[in-house]
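Notes follow once the structure below has been shown.
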Amino acid sequence: MPVVVVTEAEEYQKRINADKTTVALFAADWAEQCGQVKDALEELSKITGDKLQFISLNAEQFPEISMKHQIEAVPTVIFFAKGSAVDRVDGVDIAAISSKSKKLAESASSAAATGQTLEDRLKALINTAPLMIFMKGDRNGPRCGFSKQLIGIVNETNLPYETFDILGDEEVRQGLKTFSDWPTYPQVYVKGELIGGLDIIKELLANNELEATLKG
């Protein structure tokens with residue numbers, strides 16, 4: 001399916017809200033690099049078949065949409081899943097655009113094969129263990145200060161728990177923010193329910209409520 005040039009805001013909304021993941025190029029006629037990226041998307045559309053849909057729109061003709069998605073330069077490519085931006089590539093990085101598009105196409109194939117939606121997958125991951133932590137890195141190698149602090153606190157309780165590295169799965173990383181309406185990581189779940197992030201865990205610890213809360 002070739003790259004569709006979108007000229008109406010309603011068509012843009014309809015396409016990004018479709019069941020199919022959308023790869024949207026924000027471009028400008030005067031920028032040569034945008035042509036390179038569009039050519040790359042045309043090739044990707046042949047490779048990924050009907051797993052993804054590709055669109056292009058003139059960023060200057062859609063100022064409100066461009067502002068909403070913080071388009072500061074063209075070309076910018078944003079990946080949408082059912083209306084939500086799940087990833088992006090700013091500038092001419094064909095390798096990154098290609099890699100992200102292929103991963104999303106693989107996810108779509110997997111979901112089609114199992115009949116599993118992103119929401120189903122997130123619910124399954126949240127319920128992987130009674131105490132589940134979504135973080136940057138894993139329990140043995142946290143990859144941000146907040147995650148490291150949280151793991152240190154939870155380890156002190158000696159309770160069993162599992163972790164999921166959101167840096168290795170962009171679909172989960174972005175999808176979980178929307179699903180749980182919690183914009184940052186780490187995120188702690190007990191028996192499928194969101195407890196919160198590092199600040200909440202620190203507050204529970206200070207009030208001597210942490211262990212009881214994490215046990216559920």
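What you see below is based on every heavy atom in this structure, not just the backbone, and it leaves out hydrogens, waters and symmetry mates. Sequence positions, counted from 1, serve as the residue numbers for this chain.
Put simply, CE on M67 and CD on E64 are 7.5 Å apart, with the number rounded to the nearest 0.5 Å. How far CG of L122 is from CZ of F179: 6.0 Å, rounded to the nearest 0.5 Å. Put simply, CD on E211 and CG on N158 are 8.0 Å apart, with the number rounded to the nearest 0.5 Å. To the nearest 0.5 Å, atom CD of residue E60 and atom CH2 of residue W30 are 6.0 Å apart. L214 CG to T157 OG1: the interatomic distance, rounded to the nearest 0.5 Å, is 6.0 Å. The distance from the CG atom of L198 to the OG1 atom of T184 is 9.5 Å, given to the nearest 0.5 Å.
Within the 4.5 Å cutoff, the side chain of D87 has no heavy atoms near those of the Q174 side chain. Using a 4.5 Å cut-off on side-chain heavy atoms (C-beta onward), S98 and L44 make contact. When side chains are defined from C-beta on, Y189 does not count as touching N127, because their heavy atoms never get closer than 4.5 Å. The shortest side-chain heavy-atom distance between L57 and R15 does not fall under the 4.5 Å cut-off. At least one side-chain heavy atom of I78 sits less than 4.5 Å from a side-chain heavy atom of I71. In this structure the side chain of K20 reaches within 4.5 angstrom of the side chain of D50, judged on heavy atoms. Between L176 and L125 the shortest side-chain heavy-atom distance does not fall below 4.5 Å. No side-chain heavy atom of L104 sits under 4.5 Å from any side-chain heavy atom of T48.
Within the 3.5 Å criterion, the main-chain N or O of A59 finds a donor-acceptor partner in the side chain of S66. A donor-acceptor contact shorter than 3.5 Å links the side chain of Q187 to the backbone of W182.
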Pair up each side-chain donor or acceptor in residues 139-153 with any protein partner under 3.5 Å, not counting sequence neighbours, and list the distances.
from, atom 1, to, atom 2, distance (Å)
R139, NH1, Y161, O, 2.5
S147, OG, K136, N, 3.3
Q149, OE1, K202, NZ, 2.9

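Here E162 pairs with A129, M132 under the side-chain contact (heavy atoms from CB on, under 4.5 Å) rule; sequence neighbours left out. Evaluation of the side-chain contact (heavy atoms from CB on, under 4.5 Å) rule for E209 yields L204, N207, T213 as partners, not counting sequence neighbours.
The pair E10-K14 does not count as a salt bridge, with every side-chain nitrogen at least 4.0 angstrom from each carboxylate oxygen. A salt bridge is absent between K46 and E42: the closest approach of a Lys/Arg side-chain nitrogen to an acidic carboxylate oxygen does not fall below 4.0 angstrom. Ion pair K102/E106 not flagged as a salt bridge, since none of the NZ, NE, NH1 or NH2 atoms sits closer than 4.0 Å to an Asp/Glu carboxylate oxygen.
At most 12 heavy atoms of other shown residues, nucleotides or ligands fall within 6.0 angstrom of atom CD in E193. Within a 6.0 Å radius of CD in E11, other residues, nucleotides and ligands contribute more than 12 heavy atoms.
The minimum heavy-atom distance linking Q70 with R88 is given by the pair O-NH2, 3.3 Å. In terms of heavy-atom proximity, A18 sits nearest to Q53 at CB-NE2, 3.6 Å. The two residues V190 and G216 have their closest heavy-atom pair at CG1-CA, 3.7 Å. Closest approach of S101 and F54 over heavy atoms only: OG-CE2, 4.3 Å. Residues A31 and V74 share a closest heavy-atom pair of CB-CG2, 4.0 Å. Listed here is the closest heavy atom pair of V92 and P75: CG2-CG, 3.8 Å.
Both V188 and L159 belong to a common hydrophobic cluster when Ile, Leu, Val, Met, Phe, Trp and Tyr are linked at side-chain heavy-atom distances under 4.5 angstrom. Cluster membership check: M135 shares its hydrophobic cluster with L167, using side-chain heavy-atom separations under 4.5 Å among Ile, Leu, Val, Met, Phe, Trp and Tyr.
Taking the six-membered ring where the residue is Trp, the centroids of F26 and F62 are separated by 6.0 Å or more.
Classification of the F134-F164 ring pair by plane angle, with boundaries at 30° and 60°, yields tilted.
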Problem - Candidate pair I94 and E43, rule side chain to side chain contact (heavy atoms under 4.5 Å, CB included), full reasoning - result: CA-CA 11 Å; I94 305 299; E43 290 304 310; over 6 Å; no

Practice task
Run the numbers on K100 and D93 for side chain to side chain contact (heavy atoms under 4.5 Å, CB included), then give the verdict.
Solution key: CA-CA 11 Å; K100 290 174 189 290; D93 190 340; over 6 Å; no

